[in-house]
Every structure is written in structure tokens, then in C-alpha cells.
Amino acid sequence: MAQQQQQQQQQQMKHALQQCIDAQKDELHSLSRDIWSNPELAGNETQAHDRLVRFFSRDKTWTVDSHYKLPTAFRAVWDLVGGREGALNVGFLCEYDALPGIGHACGHNLIAEVGAAAALGLKAAFENQSELLQPVKITVLGTPAEEAQGGKIDLIKAGAFADMDLVFMAHPAQQDAPFLPGVALAEVMVKYYGKASHASAYPWEGVNALDAAVLAYSNLSALRQQLKPEWRLHGIIKHGGEKPNIIPAYTELEYYLRTPLVKDLFDLKAKAEACFRAAAIATGCQVEINYPYNSYYNILPIATLANLYKNNGEALGIQFPEQPNNFSGSTDFGNVSYVVPGIHPFFYICTDALNHTEEYAVAAGAKKAQLYTLRTAKALAMTAVDVVCSPDLLRKVREDFSQAKLKQGKHLEDTDTSLTAP
């Protein structure tokens, strides 16, 4: 009988959260549209930050901190038990940075909307439930600079995730998927220093930094034949010289290195660096290898959360097609997944366009994306209800988390989740 009553209570809470999200669909669409209409690059999302802060500040039951630990990050907290010890802290993440030249072509305006909507829904589910087995608080964290720099990693280092127990977000894509692992990513900048000279009159006096850059590019192209099929390296020559009649004294390359598992990223970095250094030796140049931004980890699988999300999504009409064998995108949520158990599903927004295209940017701002966006927010909040209301599920999520870290061969016990250059 007690179990039946609990199931009924959970269904009532799920119904309440769906009603709440539906009731605020216009405000949520307005929020998303405002962010979409004013695309801002990573670390410069001032308008999006201010818009989200205003959105949560209108309800005085939320405690809102603007510029939280980073200039364009924010935090909004709703606490059912008024700060009582032992509350389960459920986090929802919002992203809102855009891409250069093509705006919100990765749909981060919709990520912000999903996080806000799911948090409002979960609040509505819990605010009249004074007899919950587990006291609860909800934290919405605005996480800037996902497309560059890795804002979530900086927030991890600053302690923003230290008291979170669960974390949820969702990302728009071409289809719905409860889990895709993504890949680990390191961005490397390589600078070659040579010596300028007249390229025709006395080229023997010069040391050609462009030759070094071209050799490095060729070395890496040859290296691909010996790499594992899932490993990726791709890059550009950012600066190749000044004029044809001047031996280039300075060149610069930028490369991305990706592997399915973070532990393999160290191996790929060593191989790539050997190619960069060999080019310097061959040409007599000096080389500088630098990793300017945080490195991204692959996302840890939490099967219990993924299965719950899938069940709740199907109850709302979401269809989950067969999942692709691999997915080569990267996200700084991967680093979060090594610190807090969480889920990062993907959702369809009524377009077959690919992310990071002008067509996808249009789709991310279209009204027809709203049904799918808010349905995803409901599924996330419903999944949170399941875990909060079941100590057994919560224990299973934590077991999944511990096992996933051990299987990755990197059992992190602290919040230092960035790879550093050797």
C-alpha cells in the first residue's frame, strides 16, 4: 500500500511539473528567443546572463547570484527546507554562448530554455510536498563559454559543483538520444620562430618558419594512418607569413585532438607533440607548444539515469531511434560528469540540418522547436522526481557513477578536471 501511495504521489508530481511548464511556455519561448536574437561569443554573454538573471529574479522564492564565480555565469537556488543540512541538491545547467559568424547554430538558446523550464517544473512538483523522504533544493547554474574555454571546467575549479548531488542538461541535435558519450578534446596552439630574410636575394640567411608549419601539418597527416579509427586530429595554419618575398620568421597552427576516452588523450598528445617538435628540428626553428584552454573529457555513462530519462521521454511521446555507434562531438559537460553524476541527453528540434550550420541556427530560433524543447525539459524534471523519491534509485545512480569512473581508468577524487600541457 505504501509503495502504491508513493507511485501515486510521483505521478501527481510529474503531472504538476508538466502543467507548470505548459503554463509558462510563452515566457520560456520569449527567454529563448531573446538569447537567440542576440548571439554572444564564449565569455562575452552579458545580455544572455542578464536576461536569465531577470527571469529567475522575478520569483522571490529563488535566490539569484549574478556573475557567479565567472563574469557571465549565474546561480539560482530554490531551497524547500530553508538551508537544512542533508538536502539533496539537484542541478540544472544552462548554456547560452553562440558561434562566430553563424549565431546559435548549436542551439544553446534552447539549452538555456530546457534548464530553466526543467527547474521551474521540478520546483512546482516539490513545493507542496512537505513530507518528502529526502529534503531537496534546486540549483540552476548558468555555464558560459562551452564553445571555447570550457566554462564548466572553470566553475568546477571554483567550487560551483562542490555541493551538487545530481546534474541535468540536454543538447539539441538531429534526433533524440538518452546518452551519447562524446569524445575528449584538447586544443593545442603551436608557434614556430625562425629568422626573416629576403626570399630571393639571400634566402640562405633565413630560417623558414613556414616550412616548419608545413612539415608539421604533413607529419600529422601521415600520423593519421597509424591512429585508432576513433581518434581525430584536425587543424589549420592560422598565420603563414607576411609576404612572399620575406622568409617567414613566425607561423602559428591550431589543432584539435580528440579521443573517445580521456585516458587516450594523453597518448595522442604525445604523438602530436613529437610531430610538432620534429618539424622544428628539421628546419632549425624554435617551437612553442601551448594548450590555451581547458581540455574536455568524454561523458561518463550513468545507465540508471539514461534509462529513467528514456522511460519518461517515451511516456511523453519521444521516440528514440537506434543510437549511432560513435559520436565525435565534445562538451565540457564531460568534465562535470567526472565530478557529479548526471545526464546529458540529446533532443530533436524538428530539423534534419546539422549542428554548426546556418540552417540549424534558423531551426533553433523557430517556434516549431518549442514542442520538442519543452518536452525534453519535462522528461528531465520527471527523471529528477524518480531519483529524489526513491532512495534505491539514488543509491544505484551513485553506484553507476563510481563504477563508470573506475572503468575509465581515471578515478578522480578532486575537482582538477583539466588536462595540462606537459
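Across all non-hydrogen atoms, the minimal contact from Cys275 to Leu223 is SG-CD2, 4.1 Å. In plain terms, the two heavy atoms of Ala404 and Pro301 that are nearest each other are CB-O, 3.6 Å. The shortest non-hydrogen separation linking Gly342 to Phe333 is C-CZ, 4.2 Å. Heavy-atom minimum distance, Asn294 versus Asp154: ND2-OD1, 3.1 Å.
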Without placing hydrogens or testing angles, list every side-chain donor-acceptor pair under 3.5 Å for residues 174-186, not counting sequence neighbours.
unit_1 : atom_1 : unit_2 : atom_2 : d
Gln174 : NE2    : Ala353 : O      : 3.0
Gln174 : NE2    : Asn355 : OD1    : 2.6

Atom pairs and distances, side-chain donor-acceptor, residues 32-40, under 3.5 Å, sequence neighbours left out:
unit_1 : atom_1 : unit_2 : atom_2 : d
Ser32  : OG     : Asn109 : ND2    : 3.0
Ser32  : OG     : Glu113 : OE1    : 3.3
Arg33  : NH1    : Gly365 : O      : 2.5
Asp34  : OD2    : Arg51  : NE     : 2.7
Asp34  : OD2    : Arg51  : NH2    : 3.3
Trp36  : NE1    : Ala361 : O      : 2.7
Ser37  : OG     : Arg33  : O      : 2.8
Asn38  : ND2    : Asp34  : O      : 3.0
Glu40  : OE1    : Gln47  : N      : 3.3
Glu40  : OE1    : Ala48  : N      : 3.0
Glu40  : OE2    : Thr46  : N      : 3.1
Glu40  : OE2    : Thr46  : OG1    : 3.3
Glu40  : OE2    : Gln47  : N      : 2.8

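With rounding to the nearest 0.5 angstrom, the CG atom of Leu394 is 10.0 Å from the CD atom of Glu399. To the nearest 0.5 Å, atoms CD (Gln149) and CG (Asp332) are separated by 10.5 Å.
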Q: Go through the steps to decide whether His344 and Thr331 satisfy the test side chain to side chain contact (heavy atoms under 4.5 Å, CB included), and finish with yes or no.
A: CA-CA 10 Å; His344 181 284; Thr331 170; 4.1 Å; yes
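Aromatic pair His108/Tyr96: ring centres not closer than 6.0 Å. In summary, the aromatic rings of Tyr297 and Tyr338 are positioned with their centroids under 6.0 Å apart.
Each of Asn89, Asp79, Thr63 was evaluated against Thr139; a single residue qualifies, Asn89, per the side-chain hydrogen bond (donor to acceptor under 3.5 Å, both in side chains) test.
At least one side-chain heavy atom of Phe55 sits under 4.5 Å from a side-chain heavy atom of Leu28. You'll find the side chain of Ile111 reaches within 4.5 Å of the side chain of Pro172, heavy atoms only. Counting heavy atoms from C-beta outward, Leu141 and Phe161 have side chains that approach closer than 4.5 Å.
More than 12 heavy-atom neighbours from other residues, nucleotides or ligands sit within 6.0 angstrom of CZ on Phe320. At most 12 non-hydrogen atoms from other residues, nucleotides or ligands lie less than 6.0 angstrom from NE2 of His15.
The aromatic rings of Tyr372 and Tyr348 sit perpendicular to each other, their planes meeting at more than 60°, with 30° as the lower class boundary.
If you check the side chains of Tyr250 and Glu252, you find a donor sitting under 3.5 Å from an acceptor.
The cationic group of Lys269 lies under 6.0 Å from the six-membered ring centre of Tyr291 and within 45° of the ring axis, placing it in a cation-pi geometry.
The stretch residues 367-387 participates, sequence neighbours left out, in these salt bridge (charged side-chain N to carboxylate O under 4.0 Å, His left out) pairs: Lys14-Asp386, Asp22-Lys378.
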